[in-house]
Amino acid sequence: MASLSPSGEGYGGSLRYLTPLIRERGHTLPRPSGVIEHYRDFLPVSENTPIVTLGEGDTPLVKSRQIGPALGCKALYFKLEGCNPTGSFKDRGMCMAVAKAIEAGRERIICASTGNTSASAAAYGAKYGLQTFVLVPAGEIALGKIAQAMAYGARILAVNGSFDDALTTVRGLVEILDIELVNSVNPFRIQGQKTGAFEIVDELGDAPDILSIPVGNAGNITAYWMGFKEYKAAGRSKKLPHMMGFQAAGASPIVQDRIIERPETVATAIRIGNPASWKRAVAARDESGGRIEAVTDEQIIAAYLKLAREEGLFFEPASAASVAGLMRLPELGVDLTGKTIVCILTGTGLKDPGTAEKRAFVKMELVEPDMESVMALIGAPRRK
Ligand code: AN7
């Protein structure tokens with residue numbers, strides 16, 4: 001029952017009254033819907049904050065069957081953030097940002113995005129009747145993400161420039177327009193996203209030794225570090241993880257310690273040259289005794305296919321960067337033996353069907369619709 005707020009207020013008065021009866025009869029209580037209700041004691045919400053939710057959070061933590069044992073660690077878990085309602089981790093923070101926007105009386109939200117933030121903003125904007133504007137770098141967004149923003153009915157402004165240009169533009173705009181910025185420079189985004197760390201500790205009973213996570217605008221690594229620290233301060237965990245962040249080599253400003261003017265990578269979600277939370281990512285790395293390293297596009301695609309083919313996990317290239325990076329750590333001198341590791345898989349592979357089509361090198365085999373033709377291709381022995 002750790003998931004219930006002390007007053008049980010998220011469920012309303014009648015349920016609070018019924019709770020002992022429900023337990024007595026052996027029924028389970030309804031799960032809290034969404035991260036605001038579940039973790040409200042750790043979030044900046046008041047009775048004036050609406051509970052905004054699409055059912056985000058509570059994502060699976062699944063144990064690796066191949067990659068973990070091959071690395072010699074005690075256990076490697078993947079946190080499947082692609083199981084969030086819009087298919088990425090962004091929903092954890094977006095529900096908070098939208099709740100606070102509504103609380104402040106806003107009727108419009110805006111963001112710059114490499115795709116997932118825009119899909120998430122568009123979905124919550126649609127449910128809660130906010131007009132949503134998304135600025136995306138023209139021609140650089142994975143198809144699934146654009147399809148989502150279109151379906152949810154957002155206004156999509158394709159800018160003739162990079163994500164970084166788009167973010168600079170929206171940051172200026174919200175200074176003069178009555179519109180809420182829902183990028184992770186909005187502090188409520190980070191607040192919501194820290195719940196990912198809470199879920200890991202709640203499930204494992206403590207923090208892992210190592211957290212592996214992709215880094216783009218650096219909001220998520222910032223949020224996880226905040227979450228782990230807050231949970232430890234509250235006595236929910238005994239230790240803190242080493243934070244291991246991974247950027248794509250062609251978009252690795254933090255690793256190179258300089259702004260990258262023209263970032264390039266197959267992992268379009270993290271094609272970012274000047275991350276907004278740069279300093280806080282460096283702080284997370286240094287305070288935790290962690291690393292922020294680069295992985296090449298080849299390493300990202302190799303990890304992307306390995307995840308799919310050895311673990312049954314189809315996640316987008318940016319997510320695979322955290323797996324590629326983890327596999328590089330031993331050669332970078334980090335000992336993984338006996339360690340408990342959690343790898344954050346940030347967005348579903350369905351977001352980016354083009355990459356699978358281009359990089360998986362699987363051809364469809366045309367065949368006549370009869371048993372002989374299909375048997376000839378399958379080549380399986382006959383039943384005994
Ligand atoms: C799948 O949607 O920046 O370091 O505009 O979509 O918190 O930025 C997405 C980033 C990792 C990096 N994995 O997280 C956006 C956007 C996926 C992502 C990241 C993103 P941050």
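Remember, it's 1-based here, ligands and their atoms both numbered in the order they're listed. Owing to the predicted nature of the structure, the values given are computational and were not obtained by experimental measurement.
Shortest contact from atom 19 (C) of ligand 1 to any protein heavy atom: I270 CG2, 3.6 Å. When hydrogens are left out, the protein atom nearest atom 6 (O) of ligand 1 is N116 ND2, 2.7 Å; that is the closest non-hydrogen contact. Ranking protein heavy atoms by distance to atom 8 (O) of ligand 1, first place goes to N217 N, 2.7 Å. Remark: minimum distance from atom 7 (O) of ligand 1 to any protein heavy atom is reached at N220 N, 2.8 Å. The protein atom (non-hydrogen) at minimum distance from atom 13 (N) of ligand 1 is T346 OG1, 2.6 Å. For atom 14 (O) of ligand 1, the closest heavy atom belonging to the protein is F89 CZ, 3.4 Å. Remark: minimum distance from atom 5 (O) of ligand 1 to any protein heavy atom is reached at T114 N, 2.8 Å.
N186 places a side-chain N or O within 3.5 Å of a backbone atom of F188 that can act as its donor or acceptor partner. Not a single donor-acceptor pair under 3.5 Å links the side chain of Q148 to the backbone N or O of I146. A donor-acceptor contact shorter than 3.5 Å links the side chain of D370 to the backbone of E372. Looking only at distances, a side-chain donor or acceptor of D335 sits under 3.5 Å from a matching main-chain atom of T337. S113 places no side-chain N or O within donor-acceptor distance of the main-chain N or O of V136, the cut-off being under 3.5 Å.
Heavy-atom proximity to P214, at under 4.0 Å, picks out these atoms of ligand 1: 11 (C). Near V215, the atoms of ligand 1 lying under 4.0 angstrom from a non-hydrogen atom of the residue are 4 (O). Below 4.0 Å from some heavy atom of G219 lie the following atoms of ligand 1, by number and element: 4 (O), 7 (O), 21 (P). Atom numbering of ligand 1 starts at 1 in the shown order; those under 4.0 Å from a heavy atom of I272 are 3 (O). Numbered from 1 in the order shown, with element, the atoms of ligand 1 that lie under 4.0 Å from a heavy atom of S113 read 2 (O), 5 (O), 15 (C). Close approach of ligand 1 to E316 (heavy-atom distance below 4.0 Å) involves ligand atoms 1 (C). Under a 4.0 Å criterion applied to the non-hydrogen atoms of A318, ligand 1 contributes the atoms 13 (N), 17 (C). Proximity to T117 (heavy-atom distance under 4.0 Å) selects the following atoms of ligand 1: 2 (O), 5 (O), 15 (C), 16 (C).
Look at N183 and you'll find every heavy atom at least 4.0 Å from all atoms of ligand 1. The closest approach between any non-hydrogen atom of G115 and ligand 1 is below 4.0 Å.
No continuous path of ILVMFWY side-chain contacts below 4.5 Å connects I270 to I221, so the two sit in separate hydrophobic clusters. Hydrophobic clustering (ILVMFWY, side-chain heavy atoms < 4.5 Å, transitive): V367 and I378 are in one cluster. V62 and I210 end up in the same hydrophobic cluster when Ile, Leu, Val, Met, Phe, Trp and Tyr side chains are linked at under 4.5 Å.
Counting side-chain heavy-atom gaps under 4.5 Å among Ile, Leu, Val, Met, Phe, Trp and Tyr, the cluster of M226 also holds I190.
Contacts of K351 with ligand 1, taken as heavy-atom pairs under 4.0 Å, are absent altogether. For K90, every heavy-atom contact with ligand 1 shorter than 4.0 Å involves the side chain, none the backbone. Residue-level proximity to ligand 1 for A218 is carried by the backbone, the only part with a heavy atom below 4.0 angstrom. Here I221 has no heavy atoms under 4.0 Å from ligand 1, in either its backbone or its side chain.
Ring to ring, F42 and Y231 are close: their centroids are under 6.0 angstrom apart.
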task = Check the pair M327 / Q299 against side-chain contact (heavy atoms from CB on, under 4.5 Å), numbers first and verdict last.
result = CA-CA 9 Å; M327 294 193 301; Q299 290 164 337; over 6 Å; no
E298 and R359: CA distance, side-chain angles, deciding distance, salt bridge (charged side-chain N to carboxylate O under 4.0 Å, His left out) verdict = CA-CA 10 Å; E298 289 67 34; R359 306 289 193 127; 5.5 Å; no
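Put simply, the residue from T132, I109, T53 that forms a side chain to side chain contact (heavy atoms under 4.5 Å, CB included) with V98 is I109.
Close N/O approach between S118 and ligand 1 is not found [any backbone or side-chain N/O within under 3.5 Å]. An N or O contact shorter than 3.5 Å is missing between Q193 and ligand 1 by distance. Geometrically, ligand 1 and K145 share no nitrogen or oxygen pair separated by less than 3.5 Å. Residue G216 places at least one N or O, backbone or side chain, under 3.5 Å from an N or O of ligand 1.
Note that CZ of R271 and CG of D164 are 11.0 Å apart. Values are rounded to the nearest 0.5 Å.
Partners of T195 by side-chain contact (heavy atoms from CB on, under 4.5 Å), not counting sequence neighbours, listed by chain and number: V35, Y39, L43, R92, F198.
Around atom 18 (C) of ligand 1, the closest heavy atom drawn from S322, G82, S277, A269 belongs to A269.
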